[in-house]
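Everything below concerns the one structure shown next.
One is the number of the first residue; the rest follow in order along the sequence. The figures that follow rest on heavy atoms only: side chains count, while hydrogens, waters and symmetry mates do not. Both ligands and their constituent atoms are indexed starting at 1 by order of listing.
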Amino acid sequence: MTDLINLTLSDAVDGLKAKQFSSKEITQAFLTEIDRSNPHLNAYVVVTADKALAMAEAADKKLATGKSVGKLEGAPLGIKDLFCTEGVRTTACSNILGEFTPPYESTVTQNLWNEGAVMLGKLNMDEFAMGSSNETSRFGPPSNPWRRKGSNAALTAGGSSGGSATAVASDLCLAATASDTGGSIRQPAAFVGVTGIKPTYGRASRYGMVAFASSLDQAGPLAKTVKDAALMLEVMCSADDRDSTSLHLPVPQWTKSIGKSVKGMKIGVPKEYRVAGMPDEIEKLWSQGIAWLKAAGATIVDVSLPHTKYALPAYYIVAPAEASSNLARYDGMRYGARVSGGGSLTDTYEQTRATGFGAEVQRRLLIGTYVLSAGYYDAYYLRAQKVRTRILQDFEAAFEKVDALLTPTTPSAAFAYGEKSGDPVEMYLNDIFTVTANLAGLPAISVPAAVDSQGLPLGLQVIGKALDEEACFKVGAAIEDAAGFNARPERWW
Ligand code: GLN
């Protein structure tokens with residue numbers, strides 16, 4: 001039965017509809033594999049076996065009658081621990097949420113269940129989605145299924161959606177939900193050789209997603225193929241009155257963009273993304289991507305995004321500022337864990353927050369509070385917001401000339417545990433190519449494109465105009481086609 005777990009989401013959905021196998025069979029196959037592999041990979045922090053089997057049974061009933069069969073009927077998925085799931089512990093991998101079990105469901109996950117998907121469990125992540133390696137998770141990090149040639153060193157699966165990336169790359173689910181504030185879908189996708197897309201800001205509802213930086217947070221999928229990512233995103237996105245920034249627009253059928261030619265499309269290559277110290281292999285990958293798209297009939301245009309160098313510093317002001325405000329709600333009174341301050345309310349707040357938040361989250365809250373404080377607000381927060389506007393204007397000017405932009409997803413392949421965790425700035429540099437799309441609210445996809453000389457996957461990123469996920473999917477599928485990426489990690493677990 002284990003071959004069922006190797007299927008793509010689209011093939012599994014078709015197989016279920018054609019009654020080649022039942023939802024119960026494929027769900028059980030994943031649960032067996034999770035039992036065997038999760039102790040080594042640490043992708044899941046909660047496994048909801050009973051719930052999964054009950055959901056599978058319900059799906060099988062619908063599939064049997066052929067009536068009101070959903071787009072994902074019977075398909076087992078993993079859910080990032082950032083999405084509130086009714087009756088299932090949700091902690092954003094932070095101690096401060098204790099054993100918090102939400103009494104309600106996030107819109108994104110509800111949309112998946114409405115289309116018949118099955119929940120296997122909750123996936124590991126960086127605490128409150130702050131990080132690029134999952135080393136800040138309260139449950140310890142997952143392990144990237146990939147390893148460098150001839151080395152046993154455990155590598156990070158990236159972050160913050162590292163558990164989702166690990167689960168998809170090692171066949172512990174058909175696809176997974178993830179979220180992206182500064183690159184948390186795209187960087188892990190690149191590190192494990194799968195596809196991930198962050199839609200235009202406002203496409204996916206933030207209702208029931210544990211907030212990090214509300215003006216940047218967007219949900220999106222991690223999946224085995226570009227088509228699977230399109231299918232997942234179609235279901236995840238919706239207009240939602242419970243999120244005031246939700247876009248009230250119809251959700252396009254993105255699966256229909258797959259296979260459409262990129263002939264005649266203009267693809268921009270931003271010169272500022274050629275950063276100093278970028279490894280040759282990343283440079284080579286980028287040139288290869290350009291060559292593939294040219295061969296597929298696209299025109300390559302050099303463009304300039306002059307404010308790119310200010311994006312990372314601006315992001316690391318705006319994101320912590322919003323986090324410091326969002327995370328003020330964790331005071332030990334209403335959610336999760338509480339550490340008593342011995343009768344004093346202030347001491348209880350302080351003890352709870354000092355014990356409940358990890359070091360990286362505390363660092364961000366301190367930075368965020370500082371840049372918002374009187375006297376520093378204008379110098380830091382306001383200036384960062386102005387930079388943000390400039391970055392958006394750069395993109396708008398570039399998109400007058402081109403239909404989409406092509407860049408590498410990350411400045412390097414997956415790194416080992418401990419390699420960057422000692423130096424926050426070194427860790428933040430990982431986000432250099434991804435944060436711009438969040439600051440400007442644009443859709444961006446990462447597609448696996450090659451393996452480097454160490455045998456590790458590398459990803460290419462396509463950034464689209466606002467609301468033009470279709471361009472991301474079209475160009476992404478063209479890269480997928482040309483790359484023919486079919487490398488798999490050697491099984492060591
Ligand atoms: N790595 C980035 C950060 O630490 C992005 C995280 C994210 O997108 N959630 O903030």
Q. How far is atom 4 (O) of ligand 1 from its nearest protein heavy atom, and which residue and atom is that?
A. Arg364 NH2, 2.7 Å
**Q.** Which of the ligand 1 atoms, numbered from 1, are nearer than 4.0 Å to a heavy atom of Ser160
**A.** 9 (N)
Q: Using a strict cut-off of 4.0 Å, indicate which atoms of ligand 1 neighbour a heavy atom of Asp180.
A: 8 (O)
Q: Please report which non-hydrogen protein atom sits nearest to atom 5 (C) of ligand 1, along with the residue it belongs to and the distance in Å to one decimal place.
A: Tyr315 OH, 3.4 Å
Q) Less than 4.0 Å between a side-chain N and a carboxylate O, is that true for Arg488 and Asp171? A) yes
Q: Considering only non-hydrogen protein atoms, determine which one is nearest to atom 3 (C) of ligand 1 and report residue, atom name and distance to 0.1 Å.
A: Tyr316 OH, 3.2 Å
Q: Hey, can you tell me if Tyr377 and Tyr381 have their rings parallel, tilted or perpendicular (30° and 60° cut-offs)?
A: tilted
Q. Is the shortest distance from a Lys or Arg side-chain nitrogen in Lys122 or Asp81 to a carboxylate oxygen in the other one below 4.0 Å?
A. yes
Q: Give a yes/no verdict on whether any heavy atom in Ala319 is under 4.0 Å from an atom of ligand 1.
A: no
Q) Are any of the N/O atoms in Met130 less than 3.5 Å from those in ligand 1? A) no
Q. Should Arg334 and Asp331 count as an ion pair when the cut-off is N to O under 4.0 Å?
A. yes
Q) Does Ala129, backbone or side chain, put an N or O under 3.5 Å from an N or O of ligand 1? A) yes
Q: Check whether more than 12 heavy atoms from other residues, nucleotides or ligands sit under 6.0 Å from atom CZ of Arg383, and answer yes or no.
A: no
Q: May I ask you to identify the nearest protein heavy atom to atom 7 (C) of ligand 1, giving residue, atom name and distance to one decimal place in Å?
A: Ser184 OG, 2.3 Å
Q) If you count the atoms of ligand 1 from 1 in the order shown, which ones are under 4.0 Å from a heavy atom of Gly182? A) 5 (C), 7 (C), 8 (O)
Q: Check Tyr428 against ligand 1 and report side chain, backbone, both or neither, counting heavy atoms closer than 4.0 Å.
A: neither
Q.
Within ligand 1, which atoms have a heavy atom of Phe212 less than 4.0 Å away?
A. 9 (N), 10 (O)
Q. In terms of ring plane angle, is the pair Tyr330 and Phe128 parallel, tilted or perpendicular, where the classes change at 30° and 60°?
A. tilted
Q.
Evaluate Gly183 for polar contact with ligand 1, using N/O atom pairs at a separation under 3.5 Å.
A. yes
Q.
I want to know whether Tyr428 and Tyr315 have ring centres closer than 6.0 Å.
A. no
(Q) Between Arg206 and Asp243, does any NZ, NE, NH1 or NH2 come within less than 4.0 Å of an OD or OE carboxylate oxygen? (A) yes
Q: Give the residue, atom name and distance (to 0.1 Å) of the protein heavy atom nearest atom 2 (C) of ligand 1.
A: Asp431 OD2, 3.1 Å
Q.
Parallel, tilted or perpendicular: which one describes the rings of Trp146 and Phe485, with boundaries at 30° and 60°?
A. tilted
Q. Considering only protein heavy atoms, which is closest to atom 1 (N) of ligand 1, and at what distance to one decimal place?
A. Ser132 OG, 2.9 Å
Q. Is any NZ, NE, NH1 or NH2 atom of the basic residue among Lys309 and Glu272 found under 4.0 Å from an Asp or Glu carboxylate oxygen of the other?
A. no
